[in-house]
Amino acid sequence: MRKILLVSTLLLASVVVFGQAKKPELMIIPAKSWCNTNKAMQQFDNEGTIEVFCDYDVALLNTDLKNVISKINILMADRGFPLIDLSAQMQGIKNEQVENSLVESKSGSGLAESMLDVVLKRAKADIILEIDWQVNTMGPKKSITYNLRALDSYTYKQIAGAQGTGSSSFSAEIPVLLEEAVLEHMDSFTNQLQNHFDDLFANGREIAVNIHVFDNGDGVDLDTEYNGEELKYSIEDWMENNAVKGKFNVATATETRMQLTSVRIPLFNENGRAMDARAFGRQLDKFLKSKPYSLKTKLITKGLGVVDIYIGNE
């Protein structure tokens, strides 16, 4: 009996260790400040509002950036973190001809997507690492001041950071200067990344769900009652039953609009596929199209972490 208990305990321990060993997938990108300094920006007219995005095609022509990304890739890979290559994703996007950054609904409403949104939808990285740096020159010696930020790719919230200035060196190679500067903080930085990913496993990813109602003459809005309950409360009940541990916030709830923030969704669905805002939104969309609601809806996503559902619009 003791042997059976010992074997069971060891198996359970190995399962726990294996679960803890799973690492988030990372993708390294230049920070917007770096892109601006190095003239790697593009403008987009979003219905009269000028949006400014990083142009990664232009940025990746910079040899120093490519070398810096390669160096950080090596540092992270040495610590067991799987990397997704930005350059490969950009080439894949070109091949698939999905460069268009405007998604139009039939009603004319649109959602502008930055190239980062488009890249992330394809790559599905868990965490983005943003890098910016500048070289300081003091006589024959040089040092590098850097800022490395880790952002959750679903919310763009910062989850870890490291910054500082490395020691002066006679080396003129930026990747070498960067490595010398960041190594001091790398273990703390990667621990923050792993802690965030462990929280995602325990409590789910965080996304936002927005619901809009168009007046198409059928008289339906979020205050309309079905089986004695207003639609918006039925949606809240559905969210409570389907969000991880029932966690979500109702930021706005009017007769024509709902904003649901901090919605926690599973990392994977029942088939083991990665879950994102679109996949979760499709489940809500099916609920709204089913009886007794039988609503006409359209679903639009922005990046990995935002889904908009339009009622009365298909």
Side-chain angles (χ1 to χ4, degrees), residues 44-51 53 98 100-118 120-121 152-157 204-244 246-266 269 275-314:
F44 179 78
D45 186 351
N46 182 20
E47 297 182 343
T49 300
I50 302 300
E51 305 279 355
F53 302 138
V98 294
N100 190 351
S101 60
L102 182 66
V103 179
E104 288 285 348
S105 73
K106 291 182 181 178
S107 69
S109 59
L111 287 176
E113 288 191 305
S114 69
M115 183 53 69
L116 179 57
D117 291 325
V118 177
L120 286 176
K121 281 203 294 189
D152 184 292
S153 62
Y154 284 64
T155 63
Y156 298 141
K157 292 180 179 179
R205 297 189 188 280
E206 188 175 326
I207 68 165
V209 179
N210 303 311
I211 301 171
H212 314 263
V213 177
F214 282 96
D215 183 6
N216 61 359
D218 60 6
V220 173
D221 58 35
L222 294 171
D223 288 341
T224 301
E225 293 189 5
Y226 296 87
N227 296 333
E229 184 171 60
E230 293 180 7
L231 178 58
K232 61 173 172 279
Y233 296 126
S234 296
I235 292 172
E236 289 184 33
D237 290 342
W238 185 93
M239 295 295 297
E240 187 170 353
N241 291 330
N242 288 273
V244 174
K247 292 184 178 181
F248 70 98
N249 294 325
V250 181
T252 302
T254 69
E255 63 180 14
T256 60
R257 187 175 180 224
M258 287 185 75
Q259 281 185 301
L260 305 170
T261 61
S262 301
V263 179
R264 292 284 188 152
I265 67 172
N269 63 17
M275 178 79 78
D276 57 14
R278 179 177 178 273
F280 186 79
R282 285 182 62 193
Q283 297 177 5
L284 176 56
D285 188 59
K286 289 180 180 179
F287 170 75
L288 295 173
K289 287 179 176 176
S290 66
K291 294 182 179 180
Y293 313 105
S294 301
L295 297 171
K296 296 178 179 179
T297 63
K298 184 177 182 66
L299 184 147
I300 297 177
T301 58
K302 183 178 183 182
L304 292 173
V306 180
V307 60
D308 285 72
I309 296 176
Y310 295 86
I311 296 175
N313 178 46
E314 66 170 5

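Note that the coordinates shown come from a computational prediction; the quantities given were computed from them, not determined experimentally. Both backbone and side-chain heavy atoms feed into the values below; hydrogens, waters and symmetry mates do not.
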Taken in chain and number order and not counting sequence neighbours, the residues that satisfy side chain to side chain donor-acceptor pair (under 3.5 Å) with Thr155 are none
Across all chains, not counting sequence neighbours, the side chain to side chain donor-acceptor pair (under 3.5 Å) partners of Glu240 are none
One should read off an interatomic distance between Ser234 OG and Phe287 CZ, to the nearest 0.5 angstrom, of 5.5 Å
Compare every heavy atom of Leu304 with every heavy atom of Ser153, then report the nearest pair and how far apart it is. OG-CD1, 3.8 Å
Main chain of Ala251, side chain of Asn249: is a donor-acceptor contact present, judged purely on distance under 3.5 Å? no
When you measure from the side chain of Arg205 to the backbone of Ile265, do you find a donor-acceptor pair of N or O atoms at a distance under 3.5 Å? no
Please determine if Lys121 and Asp117 form a salt bridge, counting it only when a charged side-chain N lies under 4.0 Å from a carboxylate O. no
Can Glu206 and Lys157 be counted as an ion pair, charged N to O under 4.0 angstrom? yes
Once you round to the nearest 0.5 Å, how far does NZ of Lys247 lie from OG of Ser262? 10.5 Å
Stepwise side chain to side chain contact (heavy atoms under 4.5 Å, CB included) test for Asp237 and Glu229: CA-CA 11 Å; Asp237 290 342; Glu229 184 171 60; 3.3 Å; yes
Heavy-atom closest contact (Gly305 atom, Ala277 atom, distance): C-CB, 3.6 Å
Nearest-0.5 Å distance, CD1 of residue Ile235 to CD1 of residue Ile309: 8.0 Å
Between CD1 on residue Ile207 and OH on residue Tyr154, distance to nearest 0.5 Å: 9.0 Å
Could you please spell out the steps behind the side chain to side chain contact (heavy atoms under 4.5 Å, CB included) verdict for Val263 and Val244? CA-CA 8 Å; Val263 179; Val244 174; over 6 Å; no
Report the C-alpha separation of Ile311 and Ile211 in whole Å, then their side-chain angles, then the decisive distance to 0.1 Å, and conclude whether the side chain to side chain contact (heavy atoms under 4.5 Å, CB included) test is met. CA-CA 7 Å; Ile311 296 175; Ile211 301 171; 3.8 Å; yes
Side chain of Asp285, backbone of Gly281: donor and acceptor closer than 3.5 Å? no
Considering all heavy atoms, the nearest Phe248-Glu236 contact: CZ-O, 3.6 Å
After noting the C-alpha distance and the side-chain angles of Leu260 and Asn210, does the key distance pass the side chain to side chain contact (heavy atoms under 4.5 Å, CB included) rule? CA-CA 6 Å; Leu260 305 170; Asn210 303 311; over 6 Å; no
Correct closest heavy-atom pair for Val213 and Glu255 would be CG2-O, 4.1 Å
Side-chain donor-acceptor pairs under 3.5 Å in residues 221-228, sequence neighbours left out?
| residue | atom | partner | partner atom | Å |
| --- | --- | --- | --- | --- |
| Asp221 | OD1 | Asp223 | N | 2.8 |
| Asp221 | OD1 | Thr224 | N | 3.1 |
| Asp221 | OD1 | Thr224 | OG1 | 3.4 |
| Asp223 | OD1 | Lys232 | NZ | 2.1 |
| Thr224 | OG1 | Asp221 | N | 2.9 |
| Thr224 | OG1 | Asp221 | O | 3.1 |

Could you pull out all residues at least two apart from Arg278 that satisfy side chain to side chain donor-acceptor pair (under 3.5 Å)? none
Partners of Phe280 by ring-ring contact (aromatic ring centres under 6.0 Å, His included), sequence neighbours excluded? Trp238
With rounding to the nearest 0.5 Å, note down the distance linking NE2 in His212 to NZ in Lys298. 13.0 Å
Not counting sequence neighbours, which residues clear side-chain contact (heavy atoms from CB on, under 4.5 Å) with Lys286? List them please. Arg282
Roughly how far, to the nearest 0.5 Å, is OG1 of Thr297 from OH of Tyr310? 12.5 Å
With a 4.5 Å cut-off on side-chain heavy atoms, are Asp308 and Leu299 touching? no
In the structure I gave you, are the side-chain heavy atoms of Phe53 and Leu116 within less than 4.5 Å of one another anywhere? no
